[in-house]
S.K.: 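Before anything else, here's the structure in question.
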Protein chains: 2
Amino acid sequence: MVQYSKKIQAVPEPTIRRMPSYLAFAEGLLRKGQQFVSSTQIANYMNIDPTQVTKDLSYTTIVGKTRVGYEVKAIVDVLSEFLGFSVMDNAFLVGAGSLGSALLHDSGLNHFGLKIEAAFDINPATIGRKINDVEVFHIDQFRDLAQELNVIMGIITVPAENAQTVADLMVAWGIKAIWNFTPARIKVPDDIIVQNTTLYSNLAIIFNKLHQDKREE
Amino acid sequence: MVQYSKKIQAVPEPTIRRMPSYLAFAEGLLRKGQQFVSSTQIANYMNIDPTQVTKDLSYTTIVGKTRVGYEVKAIVDVLSEFLGFSVMDNAFLVGAGSLGSALLHDSGLNHFGLKIEAAFDINPATIGRKINDVEVFHIDQFRDLAQELNVIMGIITVPAENAQTVADLMVAWGIKAIWNFTPARIKVPDDIIVQNTTLYSNLAIIFNKLHQDKREE
DNA sequence: AATCAATAAAGAAATTTTTCTTTAATAAAA
DNA sequence: TTTTATTAAAGAAAAATTTCTTTATTGATT
Ligand SMILES: NC(=O)c1ccc[n+]([C@@H]2O[C@H](COP(=O)([O-])OP(=O)(O)OC[C@H]3O[C@@H](n4cnc5c(N)ncnc54)[C@H](O)[C@@H]3O)[C@@H](O)[C@H]2O)c1
Ligand SMILES: NC(=O)c1ccc[n+]([C@@H]2O[C@H](COP(=O)([O-])OP(=O)(O)OC[C@H]3O[C@@H](n4cnc5c(N)ncnc54)[C@H](O)[C@@H]3O)[C@@H](O)[C@H]2O)c1
């Protein structure tokens with residue numbers, strides 16, 4: 001009878017996963033000057049069922065007009081608000097290696113409400129460098145800097161074997177959410193939000209479909 | 001009555017998503033010399049229900065021993081085979097920017113059965129460079145090189161607005177699967193496998209949980 | 001040797017998510 | 001003006017996934 005995650009979740013996770021794509025699509029339409037968009041159009045873009053789009057949007061305050069669709073501007077405004085992209089949250093990134101640097105370079109994170117305030121590493125070669133205006137500090141300075149800045153999220157991009165050490169540090173300081181890019185699972189107290197982003201899962205799905213195709217032949 | 005994806009899928013996608021983590025965990029245990037592992041241990045590591053692990057593994061040929069668990073070596077061997085990680089598939093990467101470079105540097109892809117044979121870009125500054133032994137060619141050379149090498153997967157890491165152009169090129173040449181890292185959805189024929197890896201979805205999930213916590217207070 | 005406790009496995013039940021159906025609205029066409 | 005076609009919305013049904021329950025096995029303990 002152990003609860004593995006307190007799911008008092010009104011909005012289904014798959015819905016939340018799809019929403020950023022709806023938003024990106026709507027932003028594109030807005031730039032092109034399109035005023036309305038129907039669930040059919042969105043569904044066609046996403047390659048999913050139109051009623052799925054309707055249902056997803058029904059979790060927000062967006063309402064559509066029969067025979068017309070949804071106002072593009074409304075989708076952009078409401079979704080970015082709804083997804084928490086319109087307020088900036090501050091984060092620290094630990095592990096300024098290949099993946100860490102890529103994330104630091106990515107303006108998309110900024111656009112979607114995440115500001116990486118500082119990066120940390122243990123490699124003397126990278127410490128002191130600035131990556132896309134974000135300074136890389138020695139990991140020992142984590143505490144002091146965390147105190148200074150209002151940081152609620154920690155991003156882990158160190159080698160898998162060091163993930164737990166870094167997570168412990170983040171928890172000890174009082175970070176609320178951890179975005180873990182290593183394939184390792186970390187152990188943290190229940191009230192800390194952990195999001196594991198394992199790219200290799202995607203690879204497994206592709207291979208599975210590829211080989212399934214092979215089997216059918 | 002349109003079919004959006006032919007799901008003749010025996011193994012649930014969530015199961016496939018979890019398996020690479022089981023594998024990584026088992027590989028770690030193997031290195032430490034542990035011979036058996038129970039579903040309880042795996043579940044504890046993954047923060048999920050033990051019966052979920054049992055059910056997941058039941059899709060493979062792995063069988064466990066009552067009161068003992070599963071043989072670690074068997075999990076490693078069977079899962080890497082099952083997930084398609086034990087045969088090398090060849091890929092091309094288009095867009096040798098920040099994210100593309102990170103992927104090229106990542107030995108994890110190699111370990112999980114993906115060999116990036118060549119990279120492509122349009123930026124003269126990057127063309128000709130070698131990133132982790134993978135050469136960066138001009139995109140115009142895609143066709144010729146694809147002919148030469150046995151490439152079945154294309155990885156897209158160009159800016160979102162160029163994703164469709166690149167996808168079209170890949171399809172025209174005859175690539176079977178596309179791993180799309182841009183937030184844009186691409187249109188391809190039905191027989192092409194597309195895996196969208198949108199990092200921002202993960203961000204949305206974290207924010208949703210964070211703000212939910214705030215609401216509960 | 002007998003009992004206990006931990007576990008895998010299989011199936012049932014519950015839950016979650018997607019898809020289908022119906023209804024009502026309304027823009028466009030006849 | 002009337003008809004037609006497209007759409008959003010709400011709810012029902014279906015499908016997929018997870019969790020629970022039961023059973024059998026077996027290593028460890030008494
Ligand atoms: N590169 C990719 O595209 C990619 C893809 C998928 C997953 N990942 C995962 O992301 C993680 C990082 O991968 P990478 O390719 O960027 O590796 P990397 O070696 O390029 O970078 C890791 C960085 O972490 C630093 N580091 C190590 N221990 C540290 C510690 N205790 N505190 C602070 N910094 C520390 C290193 O000095 C290095 O700069 C790995 O777990 C990898 O599996 C990477
Ligand atoms: N950097 C990240 O961490 C990150 C995170 C999430 C998503 N993404 C997505 O990945 C994509 C790439 O991001 P990035 O940060 O690596 O961008 P980037 O600008 O660093 O790299 C893009 C590269 O693609 C090349 N390019 C552009 N058009 C091309 C074409 N038609 N053919 C071949 N090459 C072309 C550019 O020259 C450049 O080298 C974007 O869609 C971005 O949203 C990146």
Side-chain angles (χ1 to χ4, degrees), chain A residues 1-19 21-22 26 34-72 74-75 78-79 201 205 208-209 212, chain B residues 1-19 21-22 26 34-72 74-75 78-79 201 205 208-209 212:
Chain A
M1 272 277 202
V2 186
Q3 209 97 11
Y4 295 95
S5 65
K6 20 174 183 175
K7 276 196 187 165
I8 323 151
Q9 187 170 30
V11 185
E13 191 165 303
T15 295
I16 308 251
R17 278 190 182 286
R18 285 185 291 266
M19 282 177 168
S21 301
Y22 299 164
Q34 189 174 319
Q35 203 177 353
F36 288 96
V37 64
S38 70
S39 62
T40 315
Q41 282 177 286
I42 299 175
N44 190 45
Y45 169 75
M46 297 282 293
N47 252 279
I48 56 174
D49 191 286
T51 55
Q52 182 77 85
V53 176
T54 312
K55 191 135 286 180
D56 284 346
L57 292 180
S58 78
Y59 290 105
T60 72
T61 57
I62 300 166
V63 280
K65 260 194 195 161
T66 301
R67 229 3 271 247
V68 176
Y70 303 93
E71 209 184 334
V72 174
I75 294 186
V78 174
L79 275 192
S201 291
I205 292 172
N208 179 253
K209 288 181 185 162
Q212 194 167 64
Chain B
M1 276 280 198
V2 186
Q3 209 97 9
Y4 296 95
S5 66
K6 18 171 184 176
K7 276 198 187 165
I8 324 152
Q9 188 171 30
V11 186
E13 191 166 302
T15 295
I16 307 243
R17 277 192 182 286
R18 285 185 292 266
M19 282 177 167
S21 301
Y22 299 164
Q34 189 173 319
Q35 202 178 353
F36 288 96
V37 64
S38 71
S39 62
T40 316
Q41 282 178 286
I42 299 176
N44 190 45
Y45 170 75
M46 297 282 293
N47 251 280
I48 57 173
D49 191 285
T51 54
Q52 182 77 85
V53 176
T54 312
K55 193 137 282 178
D56 286 345
L57 292 180
S58 78
Y59 290 105
T60 71
T61 56
I62 299 167
V63 281
K65 261 194 194 162
T66 302
R67 238 347 277 258
V68 175
Y70 304 93
E71 209 184 336
V72 173
I75 294 186
V78 174
L79 275 192
S201 291
I205 292 171
N208 180 253
K209 288 181 185 163
Q212 195 167 62

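Quick note on labels: first sequence line is chain A, next is B, and so on, each numbered from 1.
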S.K.: Applying side-chain contact (heavy atoms from CB on, under 4.5 Å), can you list everything that pairs with S39(B), at least two apart in sequence or on another chain?
M.R.: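 side-chain contact (heavy atoms from CB on, under 4.5 Å) list for S39(B), sorted by chain: P50(B), V53(B), T54(B), Y70(B).
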S.K.: Within the 4.0 Å limit for protein heavy atoms, which parts of nucleotides 24-30 of chain D are touched? Write it as a string from 5' to 3', B for base, S for sugar-phosphate only, - for none.
M.R.: -BBB---
S.K.: For S39(B) and dA8(C), is the shortest distance between a side-chain N/O and OP1 or OP2 below 4.0 Å?
M.R.: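 Yes, within the criterion.
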S.K.: Counting just side-chain N and O atoms, does T54(B) come under 4.0 Å of either OP1 or OP2 of dA9(C)?
M.R.: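 T54(B) to dA9(C) OP1/OP2: no side-chain N or O under 4.0 Å.
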S.K.: Tell me whether the side-chain N/O atoms of T40(B) come closer than 4.0 Å to OP1 or OP2 in dT7(C).
M.R.: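 Checking T40(B) against dT7(C): at least one side-chain N or O falls below 4.0 Å of OP1 or OP2.
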S.K.: Would you please confirm or rule out a distance under 4.0 Å between OP1 or OP2 of dT18(C) and any side-chain N or O of R18(A)?
M.R.: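 Checking dT18(C) against R18(A), a side-chain N or O does come within under 4.0 Å of OP1 or OP2.
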S.K.: Would you mind telling me which residue lines up with the more 5' stretch of DNA chain C, Q52(A) or V63(B), judged by nearest nucleotide?
M.R.: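 Whichever sits nearer the 5' end wins; that is V63(B).
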S.K.: Look at the side chain of K55(A) and the base of dT18(C), then say whether one donor and one acceptor between them are separated by less than 3.5 Å.
M.R.: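 Side chain to base: no pair below 3.5 Å.
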S.K.: Rounded to the nearest angstrom, tell me the gap between atom OH in Y59(A) and atom P in dA10(D).
M.R.: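 Between P of dA10(D) and OH of Y59(A): 12 Å.
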S.K.: I need the R18(A) CZ to S21(A) OG distance, nearest 0.5 Å.
M.R.: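 Interatomic distance, R18(A) CZ to S21(A) OG, rounded to 0.5 Å: 10.0 Å.
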S.K.: Distance check needed: dT7(C) P versus N44(B) CG, whole Å only.
M.R.: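 Distance check: N44(B) CG to dT7(C) P gives 11 Å.
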S.K.: Considering only residues two or more places apart or on different chains, which pairs with a residue in residues 59-71 of chain A satisfy salt bridge (charged side-chain N to carboxylate O under 4.0 Å, His left out)?
M.R.: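 Qualifying pairs, neighbours excluded: none.
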S.K.: What is the distance, to the nearest angstrom, from the CD atom on E13(A) to the P atom on dT18(C)?
M.R.: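 Rounding to the nearest Å, CD of E13(A) and P of dT18(C) are 11 Å apart.
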S.K.: Nearest whole angstrom, please: distance from the C1' of dT7(C) to the CD1 of I42(B).
M.R.: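 Checked: the CD1 to C1' distance equals 12 Å.
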S.K.: Could you state the interatomic distance from CE (M19(B)) to CG (N208(A)), rounded to the nearest 0.5 Å?
M.R.: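 Reported value, rounded in 0.5 Å steps: 9.0 Å.
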S.K.: Nearest whole angstrom, please: distance from the P of dA8(D) to the CG of D56(A).
M.R.: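 Interatomic distance, CG of D56(A) to P of dA8(D): 13 Å.
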S.K.: May I ask you to say what S38(A) touches in the nucleic acid, namely base, sugar-phosphate or nothing, with a heavy-atom cut-off under 4.0 Å?
M.R.: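 Sugar-phosphate, backbone atoms only, no base.
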